[in-house]
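As structure tokens, the structure follows; a few thoughts come after it.
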Number of protein chains: 2
Amino acid sequence: MSWRKETRRAERGYHHGNLKEALLQAALGLIAEKGAAGFTFADAARMAGVSAAAPYRHFRDRDELLSSIALRGFEQFESRLTAAWDDGRPDTLTAFERVGKAYLAFAREEPAFYNAMFESGLPVDANPALQAASERAFNIIRAAAERLAALAPPGTPRPPAMMMALHIWSMSHGVASLFSRGDAARRKLPMSPDELLEAEVLIYLRGLGFPTDRRPPAKSAEPPPVPPEASSGSGVPPGGPWGRPK
Amino acid sequence: MSWRKETRRAERGYHHGNLKEALLQAALGLIAEKGAAGFTFADAARMAGVSAAAPYRHFRDRDELLSSIALRGFEQFESRLTAAWDDGRPDTLTAFERVGKAYLAFAREEPAFYNAMFESGLPVDANPALQAASERAFNIIRAAAERLAALAPPGTPRPPAMMMALHIWSMSHGVASLFSRGDAARRKLPMSPDELLEAEVLIYLRGLGFPTDRRPPAKSAEPPPVPPEASSGSGVPPGGPWGRPK
DNA sequence: CAGCTCATGTGAACGGCTTTTACATGAGCT
DNA sequence: AGCTCATGTAAAAGCCGTTCACATGAGCTG
């Protein structure tokens with residue numbers, strides 16, 4: 001299903017036919033298993049069924065393979081955040097929270113990418129392509145913050161969107177790193193990482209003056225494309241963003 | 001100053017006299033330089049002037065040396081957070097913010113420890129001593145949150161202190177990881193990591209209903225030990241926690 | 001189809017790291 | 001003085017990353 005050569009021929013001849021891709025996939029699996037630190041170039045080659053020297057025809061060194069994976073990771077990350085944001089539908093706040101959840105979901109569901117991107121210790125700044133991809137991903141959060149900032153209640157001073165974006169990013173990243181990954185996920189918490197982050201963001205937004213009561217009970221009361229979105233509630237949730245005492 | 005043998009004798013004899021400590025120091029320096037991933041057991045041995053096999057008399061393997069460093073890191077971390085909290089003096093909010101700053105300061109000033117603790121990928125849960133030390137450090141934040149939660153304005157529902165502590169932790173950790181470390185620190189930001197975190201925490205606390213105007217102009221208007229601390233201000237800062245537009 | 005060329009893969013080799021093992025040293029006690 | 005045991009050493013095995021000279025064969029050219 002991956003390399004056509006292996007299916008078409010008996011045992012694959014001298015040339016692999018799709019080695020670069022095979023190496024990326026192998027590395028992805030290995031990193032998911034043993035972390036970026038434990039991942040080894042030789043292992044990836046072995047898994048692809050080639051000699052240890054073969055990978056050097058496709059990657060300058062081990063680091064470049066790692067960077068390639070991180071790059072793909074940022075791209076997938078961006079596309080998941082974009083999908084989650086969905087241009088602010090059905091309403092800005094709902095979409096905004098969906099972005100936060102998408103951040104956690106990515107950390108949970110793509111541990112190998114997340115690891116390569118944020119935990120492998122590779123110098124992101126040193127690689128312009130990586131840096132650009134990382135920036136593109138962040139720009140989704142930034143754009144969302146921009147839209148949200150524009151909805152700030154009139155009485156209060158309008159918060160700088162860039163700052164909001166950085167705040168949301170740090171919250172998401174903090175929760176993901178501490179509670180949503182590997183063994184850290186096993187820390188016994190009073191709530192799930194998703195709930196934790198949602199409450200955190202809601203409290204934060206309330207601190208900026210946003211009305212954060214949960215969305216109106218009925219379906220979308222807003223017109224689809226960029227609705228005016230006047231505040232539609234009281235401003236103080238019935239029990240706080242951390243849920244009912246139950 | 002470190003090994004007495006070396007100062008007392010000419011070139012140190014067969015026995016080092018303080019190898020364990022020398023290895024820890026050497027490793028600390030190496031990690032600060034090249035990160036936990038780049039640090040090598042053999043290098044530490046070389047730096048201490050012993051053969052590559054000698055360290056095995058003091059550490060089961062490379063991982064145990066790393067864990068020892070992480071353990072020390074958590075201990076120092078705890079003690080810095082404790083000092084910053086200073087039992088809530090001069091007032092709870094001021095002390096609380098000092099704790100956040102101490103978190104960043106530790107990440108900045110002790111990169112080797114921070115790296116070993118949070119970025120080395122070693123399984124914290126697997127080591128009971130490490131886990132306990134990490135918990136003790138977190139408990140400082142938790143205790144601080146406890147005190148702060150007790151001051152929640154009467155009208156609003158009282159936030160769970162544990163949740164607050166986790167939120168503050170995730171913010172601090174997120175900012176530290178993303179903006180206060182290594183090359184990531186070079187990201188061009190509209191404000192310093194310290195300012196970013198301070199604003200984030202203030203907005204968050206305001207979202208919980210705490211009055212977050214800056215401390216009263218004069219000296220301590222509160223009695224030293226656990227003052228009653230009735231809210232002493234309006235509740236809405238003059239321009240928002242992110243500072244004057246200037 | 002013959003032949004050329006160049007991307008792609010191989011094997012061997014080098015140096016470095018981790019870890020183990022048998023052996024050496026000497027500090028501290030009797 | 002002599003014993004003992006913690007602490008150090010040298011050597012070796014096994015793994016990695018990386019390089020280099022060489023092999024293979026896919027695709028083009030005529």
Side-chain angles (χ1 to χ4, degrees), chain A residues 2-27 30-31 33-69 116 120-123, chain B residues 2-27 29-31 33-69 116 120-122:
Chain A
S2 6
W3 355 253
R4 28 177 230 271
K5 273 301 172 54
E6 201 133 354
T7 38
R8 212 166 50 178
R9 276 208 189 200
E11 279 305 319
R12 146 178 118 67
Y14 197 84
H15 292 285
H16 185 289
N18 212 1
L19 185 53
K20 185 161 189 172
E21 191 54 34
L23 287 172
L24 286 166
Q25 293 303 328
L30 288 170
I31 293 173
E33 262 185 65
K34 315 190 288 185
F39 145 77
T40 150
F41 216 27
D43 244 346
R46 209 169 298 131
M47 190 155 304
V50 296
S51 76
Y56 290 85
R57 295 296 175 195
H58 302 277
F59 302 95
R60 200 181 335 78
D61 54 20
R62 183 180 170 283
D63 257 30
E64 193 179 281
L65 172 49
L66 222 58
S67 298
S68 295
I69 290 190
S120 66
L122 54 79
Chain B
S2 2
W3 353 253
R4 30 175 229 270
K5 273 303 171 52
E6 202 132 357
T7 37
R8 213 166 48 175
R9 276 208 189 200
E11 279 304 322
R12 144 177 120 66
Y14 196 84
H15 292 286
H16 185 289
N18 213 0
L19 185 52
K20 185 161 189 173
E21 191 54 35
L23 287 172
L24 285 166
Q25 293 303 328
L30 289 170
I31 293 174
E33 262 185 64
K34 316 189 287 187
F39 144 76
T40 158
F41 216 28
D43 243 347
R46 208 169 299 131
M47 190 156 305
V50 297
S51 76
Y56 289 86
R57 294 296 176 194
H58 301 276
F59 302 96
R60 200 183 331 77
D61 55 21
R62 183 181 171 283
D63 257 29
E64 194 181 279
L65 172 49
L66 222 58
S67 298
S68 295
I69 289 190
S120 67
L122 54 78

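Every chain is numbered from 1 and lettered A, B, ... according to where its sequence line falls, protein lines coming before strand lines.
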For B:K20, give me all partners under side chain to side chain donor-acceptor pair (under 3.5 Å), at least two apart in sequence or on another chain.
none
Rounded off to whole Å, could you give me the [atom1]-to-[atom2] distance for the [X] and [N] pair?
X     : N      : atom1 : atom2 : result
A:R62 : D:dT19 : CZ    : C1'   : 18 Å
A:N18 : D:dA26 : CG    : P     : 15 Å
A:M47 : D:dC16 : CE    : P     : 11 Å
A:R60 : D:dT19 : CZ    : P     : 10 Å
B:D43 : C:dG15 : CG    : P     : 18 Å
B:L30 : C:dT18 : CG    : P     : 11 Å
B:D63 : C:dC17 : CG    : P     : 17 Å
B:L19 : C:dT25 : CG    : C1'   : 15 Å

Once salt bridge (Lys or Arg N to Asp or Glu O under 4.0 Å) is applied, do any residues pair with A:E21, and if so which ones, sequence neighbours excluded?
A:R72
In dot-bracket notation, what is the pairing pattern of DNA chain C, taking Watson-Crick (N1-N3 plus N6-O4 or O6-N4) and G-U wobble (N1-O2 and O6-N3) contacts under 3.5 Å, with [ ] crossing and | for other strands?
||||||||||||||||||||||||||||||
List the residues meeting side-chain contact (heavy atoms from CB on, under 4.5 Å) with A:E64, not counting sequence neighbours, and say none if there are none.
A:F59, A:R60, A:D61
Could you work out, with side-chain contact (heavy atoms from CB on, under 4.5 Å) as the rule, every residue matching B:A26, not counting sequence neighbours?
B:A44, B:M47
Mind listing the side-chain donor-acceptor pairs of residues 48-57 of chain B below 3.5 Å, one per line with the distance, residues two or more places apart or on another chain?
| from | atom 1 | to | atom 2 | distance (Å) |
| --- | --- | --- | --- | --- |
| B:S51 | OG | B:A53 | N | 3.4 |

By the salt bridge (Lys or Arg N to Asp or Glu O under 4.0 Å) test, which pairs, at least two apart or in different chains, include something from residues 36-47 of chain A?
A:K34-A:D43, A:D43-A:R46
Any idea which heavy atoms bring A:I69 and A:A116 closest together, and the distance?
CG2-CB, 3.8 Å
NA contact type, B:D61, heavy-atom cut-off 4.0 Å: base, sugar-phosphate, or nothing?
sugar-phosphate
Any residue in residues 50-58 of chain A with a heavy atom nearer than 4.0 angstrom to DNA chain D? Just list them by number, or reply none.
A:A52, A:A53, A:Y56, A:R57
Which atoms of nucleotides 13-15 of chain D (N or O only) lie under 3.5 Å from a protein N or O atom, and what are those distances?
none

